[in-house]
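Data first, discussion second: the structure below is written as structure tokens.
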Amino acid sequence: FGSSHSGSRHLGPRAHTHLPTWHPHPIDRPMSARLAALAALPLAASELVRFPLKRRERTYQEWLQSIHLSATVRESLLFGGDGHDIAISDYANAQYYGEIQVGTPGQLEEVIFDTGSANLWVPNRKPLLSNHHTYDHSKSSTYKANGTEFKIQYGSGPVSGVYSSDSVGIGDLALRDFTFAEVDDTSGLGLGYRIGKFDGILGLGWDAISVGGVPTVMKALVDSGSLEKPVFAFYLGNNQPGELVFGGVDPKHYTGDFSYVPLISETYWAISLYDVKLGARSVSSTKHAIVDSGTSLLAGPSADIKAIAEQLGAKVVLGKEYTVDCSADLPDLTFTLGGQDYHLKKEDLILQASGSSCVLALTGLDVPAGAMWILGDVFMRKYYVQFDWGNRRLGLALAAAASSGAADVLVV
């Protein structure tokens, strides 16, 4: 779903390790050999690598249409038997993206940094009448052919291409001979991709969910020793540029101390969910959540979302999205994680207004692998999230106000 993406995710069923009870039966994932040597250019030991994120603003009508598109695609998802990993995200609502360079000399690609998937893919052709950047390996002196098929099956069609190896630049970091996918079929992302601002996806999930078993960007960076700490963190500015930091956290982007929640598996950034409350009332019995930078909204089981919407007096528009009276008083929506309560207030739950109607930042999602909540950008704007690769945990702290310190983030 991406941000530009609304509430669903790459929950590929072929991961080596699954979240407890999430999948009714094991599915073997093909074990590809490591296809390329990974190395990164060294950085000063104490240096944080800052990566500016651009944000695409949406109108009220764009939000309604994109949420509807995403929900329709998700409902059409079928688990196929064609030997390919299946994703349940179409990135139609993804808002935050940044620039990387692929090849020598570097070719610009704008990608969503997605904690809910683990592969890097960029297009080598673009849909008709679109303005996407494309990668041309014939123009790179460091390109190495691979040719192994890459394919993710979406509800509406495939995203497919072949694996290749080349240099990849991520801010001041560089990976040599890195294996990624160059994609020539993006039909599975539908209209959301054709009109979207992003070109590809850079996954920041764990190796176990990497399609084809190829090495992940974060593991490559950690193994290279280029990062002071095996950590990255997101600041998603509200009406401001955001920032992704590798190698640590940026103190100016959060207040107070971090509270840590251990991962329940090294697949997605998945954690135990103790409770979800609307006001003082518990509204969900779901026990798992993932924190996902590639999802714009809060996504939960459809029955839970419907019940919450009814309690809020929300109206269904176009069958999938909810609106509320902008003047209505809304109780806090609270997620209990690691013994701490994380509150989202009315201003956090409203996306866009049109007259007296406001779009509610909730969407229903029923995942075949089992019930879960997806805490997307709506949650990550309120709470600064530290993705602690080394300690297999998430750190959560209240994000600093968007107006503080955001002006010195240069968007290139």
Side-chain angles (χ1 to χ4, degrees), residues 1-2 5-15 17-27 67 70-79 85-90 93 115-117 154-155 205-206 208-209 261-278 281-312 314 316 319-322 333-339 341-342 344 349 360-380 394:
F1 301 1
H5 121 217
S6 149
S8 66
R9 283 277 14 117
H10 274 56
L11 301 178
R14 288 197 168 77
T17 305
H18 299 285
L19 300 181
T21 73
W22 277 25
H23 208 286
H25 62 281
I27 300 179
I67 295 170
S70 297
T72 302
V73 170
R74 291 197 303 276
E75 278 203 342
S76 70
L77 174 70
L78 296 174
F79 277 95
D85 291 76
I86 298 174
I88 55 173
S89 166
D90 68 356
N93 286 322
T115 61
S117 65
Y154 292 83
W206 295 84
I209 61 169
V261 187
L263 300 185
I264 58 176
S265 76
E266 293 173 24
T267 52
Y268 310 95
W269 289 90
I271 53 180
S272 295
L273 174 62
Y274 179 77
D275 198 8
V276 183
K277 296 189 291 289
L278 187 64
R281 180 187 299 181
S282 180
V283 291
S284 180
S285 60
T286 300
K287 298 303 180 185
H288 300 119
I290 66 173
V291 179
D292 179 14
S293 63
T295 296
S296 291
L297 310 182
L298 299 170
S302 294
D304 293 353
I305 296 297
K306 182 179 179 181
I308 292 170
E310 289 175 352
Q311 292 181 49
L312 295 176
V316 180
K320 299 298 176 185
E321 49 278 2
Y322 294 93
L333 184 63
T334 302
F335 295 89
T336 304
L337 308 166
D341 286 343
Y342 296 90
L344 296 175
L349 297 172
L360 195 61
L362 297 172
T363 190
L365 171 63
D366 296 315
V367 179
M372 74 176 77
W373 277 82
I374 299 176
L375 308 181
D377 297 346
V378 170
F379 183 85
M380 293 175 66
L394 289 172

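For the single chain, residues carry numbers from 1 onward in sequence order.
- The minimum heavy-atom distance between I264 and S272, with the atom names listed, is CG2-OG, 3.2 Å.
- Side chains of K277 and T336 form a contact here, defined as non-hydrogen atoms less than 4.5 Å apart.
- With rounding to the nearest 0.5 angstrom, the OG atom of S293 is 7.0 Å from the CG atom of D377.
- When side chains are defined from C-beta on, F335 counts as touching L298, because their heavy atoms get closer than 4.5 Å.
- The side-chain contact (heavy atoms from CB on, under 4.5 Å) search around A314 returns A309, Y322, V324, L360, not counting sequence neighbours.
- Contact annotation: the side chain of V291 never approaches that of T115 to less than 4.5 Å [non-hydrogen atoms, C-beta and beyond].
- L333 is listed as a side-chain neighbour of I308, based on a closest heavy-atom distance under 4.5 Å.
- Under the side chain to side chain donor-acceptor pair (under 3.5 Å) criterion, S284 pairs with T286, D304, W373, sequence neighbours left out.
- Rounded to the nearest 0.5 angstrom, I374 CD1 and T295 OG1 are separated by 5.0 Å.
- Closest heavy-atom contact between V378 and A361: CG2-CB, 3.5 Å.
- Not counting sequence neighbours, the partners of S282 by the side chain to side chain donor-acceptor pair (under 3.5 Å) test are D275.
- Within a 6.0 Å sphere centred on OH of Y342, heavy atoms belonging to other residues, nucleotides or ligands number more than 12.
- Atom CG of L312 and atom CG of L278 lie 5.0 Å apart (nearest 0.5 Å).
- Under the 4.5 Å side-chain criterion, counting only non-hydrogen atoms from C-beta, L365 is not in contact with I305.
- Residues A208 and E266 come closest through the heavy atom pair CB-O, 3.5 Å.
- For W206, the ring-ring contact (aromatic ring centres under 6.0 Å, His included) partners are W269, W389, not counting sequence neighbours.
- Every residue was checked against the side chain to side chain donor-acceptor pair (under 3.5 Å) condition with K287, not counting sequence neighbours, and none meets it.
- The CG atom of L337 sits 9.0 Å away from atom CG of L394, with the distance rounded to the nearest 0.5 Å.
- Here OH of Y268 is found 7.5 Å from CE of M372. Values are rounded to the nearest 0.5 Å.
- Residues meeting the side chain to side chain donor-acceptor pair (under 3.5 Å) test with S285, sequence neighbours left out: none.
- S302 approaches D366 most closely through the heavy-atom pair OG-OD2, 2.8 Å.
- In plain terms, the two heavy atoms of S265 and T267 that are nearest each other are OG-OG1, 2.7 Å.
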